[in-house]
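Remember, it's 1-based here, ligands and their atoms both numbered in the order they're listed.
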Amino acid sequence: MGLLESFGRSHASRRKIVFDMARVPALEDLGDVAGKRVLVRTDFNVPMEGPDDRRVITDDFRIRAALPTIEWLTSRGAHVVCASHLGRPKGPPAAHPRGLSKATRYSMEPVRARLAELAPGVELLENLRFNPGEESNSPEFAASLIKGIDMYVNDAFGAAHRAHASIVGPPMTLPSAAGRLLQREVEVLGNLREKPKRPFVAVLGGAKVSDKLGVIESLLQIVDALVIGGGMCFTFLAAQGYPVGSSLCELDQLTTCKRLMEGPKPIYLPEDIVGLDASGNFATFGIRLPEGAKGLDIGPGTAGAFTDVIMDARTVFWNGPMGMFEDERFAAGTRTVAEAMAATKAFTVVGGGDSAAALAQFGLDDEVDHVSTGGGAALELLELGDLPGLTALRGAPNVK
Ligand code: ADP
Ligand code: MG
């Protein structure tokens, strides 16, 4: 599988990747692309900061990640038209109460400028989510996207778990393929699901607690142990009967967490917590948080225990920071886990926008085997073994 050398981190590509893409067409299956207009669905949902009319891209990883596919096409004479969503603008610019300001906030203009530097001559459509037909998967919107287009490539791994118009529409009629990024993501994560080296440990954290609780049950089917930190741990601690103060906690999930804890696979939870006390001062706690206290990071004892689990594993998947790492006072737990990911001999995969950003912030992004561009998509692929975007590509007219 020489395809792997085209994108990815050096030591990952040396490993044997055996996952079968199960009839998902690759760029080679498009046939002759010379002179063709190719719509490439990319995931340019990049982190940005600054006022609405002067947004600055803080990390262009997702734009650079699409370059192997774009260059494969342009070097063979194709004209590339990229299309992506950016944030959640909730409809067209005019629908926003703050009107133009909101429109500027979600405009692709800063991305277009960066893309013009990285891949001159490549077109970029305006934010797909300005049209409500994108998320509602409207056939009319899909038809408008492929007007004057000859072929379709999906390279948006981060959006391939959504049955949106730009993901599932074009392959119904156009010759289609998975781009290099999508292909590599599916190979790495598919392998993780199908034949991981054991012990296989998943480390989960972050803030989207209810989203992620849903996948824990399925993850428990494929991993040997689960490590839980971040905002997510407090629902589990509360389910065990520990007081969690005013930390993030989903009361309606307590019985689910309790049931999961009673299963056969070990679930490692924090044994000490760092956060703010009721008066807002930095404090270190044991496992019981006093009233009004807020847990914002795992404590040093926990970070050490989690490190041991990561060092003993042969495969580790990590999604979700261990604490509110954007604040230096609460970054230590995430930093220690990131260092363990870098140090372990295990095959290491990190998924999720914030987890990847944390890794980059500590300068460790080259020290893991694979950094996934998708958080939700990575979890869903691990959970279900397939994505709506892949199913759509398999049904394309160029697939026999
Ligand atoms: P990812 O993008 O990697 O999938 P999430 O988006 O789920 O991760 O979560 C990232 C966010 O979680 C970060 O902004 C971080 O500050 C926050 N976070 C982590 N731990 C806590 C906590 N204990 N309390 C509140 N927020 C937390
Ligand atoms: Mg996030």
Side-chain angles (χ1 to χ4, degrees), residues 43 45-49 58-59 61-62 85-88 157-159 161 185 189 202-216 219 227-238 242 244-250 253 269-277 280 282-285 287 289 292-299 302-303 306 316-338 341 348-362 364-365 368 370-383:
D43 176 7
N45 188 23
V46 292
M48 297 212 240
E49 61 184 28
T58 52
D59 182 1
F61 172 56
R62 283 181 167 173
H85 70 286
L86 181 63
R88 294 180 183 275
F157 176 68
H161 61 313
E185 292 271 19
L189 292 157
V203 180
L204 295 183
K208 296 177 201 152
V209 183
S210 47
D211 283 14
K212 293 180 186 180
L213 275 176
V215 302
I216 287 185
L219 268 183
V227 173
I228 296 182
M232 178 166 327
C233 71
F234 300 103
T235 306
F236 280 86
L237 290 173
Y242 296 110
V244 297
S246 49
S247 310
L248 282 183
C249 184
E250 311 246 332
Q253 300 288 346
L269 290 174
E271 53 204 47
D272 55 353
I273 301 284
V274 165
L276 296 174
D277 65 20
F282 179 89
T284 303
F285 308 100
I287 198 170
L289 294 191
K294 197 170 166 68
L296 292 167
D297 194 11
I298 56 174
T302 304
F306 286 6
V316 189
F317 173 77
W318 176 27
N319 170 264
M322 293 293 103
M324 215 176 76
F325 74 99
E326 298 90 339
D327 182 330
E328 190 47 46
R329 294 175 297 170
F330 307 116
T334 304
R335 185 190 301 270
T336 304
V337 163
M341 291 293 283
T348 45
V349 178
V350 179
D354 292 290
S355 316
L359 208 60
Q361 184 179 311
F362 306 138
L364 295 171
D365 42 342
V368 299
H370 181 71
V371 181
S372 174
T373 48
L379 283 171
E380 188 165 324
L381 187 55
L382 284 178
E383 180 186 2

Can you report which non-hydrogen protein atom sits closest to [atom], along with the distance?
| atom | value |
| --- | --- |
| atom 11 (C) of ligand 1 | Ala207 CB, 3.9 Å |
| atom 24 (N) of ligand 1 | Leu296 CD2, 3.6 Å |
| atom 25 (C) of ligand 1 | Leu248 CD1, 3.7 Å |
| atom 3 (O) of ligand 1 | Ser355 OG, 2.5 Å |

* Would you say Gly352 contacts ligand 1, with heavy atoms under 4.0 Å as the rule? -> yes
* Asked: Is it true that Phe330 lies under 4.0 Å from ligand 1, counting heavy atoms only?
  -> no
Could you tell me whether the side chain of [X] and the main chain of [Y] form a donor-acceptor pair under 3.5 Å?
| X | Y | answer |
| --- | --- | --- |
| Asn45 | Gly87 | yes |
| Ser372 | Gly351 | no |
| Asp297 | Gly333 | yes |
| Thr373 | Gly158 | no |

Looking at [X], which atoms of ligand 1 are within less than 4.0 Å of one of its heavy atoms?
| X | value |
| --- | --- |
| Gly230 | 20 (N), 23 (N) |
| Gly320 | 3 (O), 8 (O) |
| Gly206 | 7 (O), 9 (O), 12 (O) |
| Phe234 | 23 (N) |

* State whether Arg335 and Glu328 are salt-bridged, where the test is any N-O pair (Lys NZ or Arg NE/NH1/NH2 against Asp/Glu carboxylate O) under 4.0 Å. =>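 Result for this pair is yes, salt bridge flagged.
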* Asked: Within the structure, does Gly231 bring an N/O atom to less than 3.5 angstrom of an N/O atom in ligand 1?
  ->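 Min N/O separation from ligand 1 is below 3.5 Å for Gly231.
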* Going by distance only, is there an N or O of Gly295 that falls short of 3.5 Å from an N or O of ligand 1? ->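 Gly295 vs ligand 1: N/O contact under 3.5 Å present.
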* To do: Count the heavy atoms belonging to other residues, nucleotides or ligands that lie under 6.0 Å from OH of Tyr242, then report whether that count exceeds 12.
  =>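 No, the 6.0 Å shell around OH holds no more than 12 heavy atoms from other groups.
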* So which of the N, O or S atoms of Asp354 lies nearest the Mg ion (ligand 2)? ->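 Closest to the Mg ion (ligand 2) among those atoms: OD2.
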* With respect to atom 15 (C) of ligand 1, which of Lys212, Lys294, Glu326 exhibits the smallest heavy-atom separation? ->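 Looking at heavy atoms only, the winner is Glu326.
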* **Side-chain donor-acceptor contact under 3.5 Å, Gln253 with Ser210** =>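 Note: Gln253 and Ser210 side chains miss the donor-acceptor criterion.
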* Residues which pass ring-ring contact (aromatic ring centres under 6.0 Å, His included) with Phe330, listed by chain and number, not counting sequence neighbours ->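 Expected list: Phe282.
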* Atom pair OG1/CG of Thr334 and Leu359 - distance to nearest 0.5 Å ->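 That separation rounds to 10.5 Å.
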* Counting only heavy atoms, which portion of Asp354 has something under 4.0 Å from ligand 1: side chain, backbone, both, or neither? ->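 For Asp354, backbone and side-chain atoms both sit under 4.0 Å from ligand 1.
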* For Phe234, the option from Leu269, Val244, Ile228 that meets side-chain contact (heavy atoms from CB on, under 4.5 Å) -> Val244
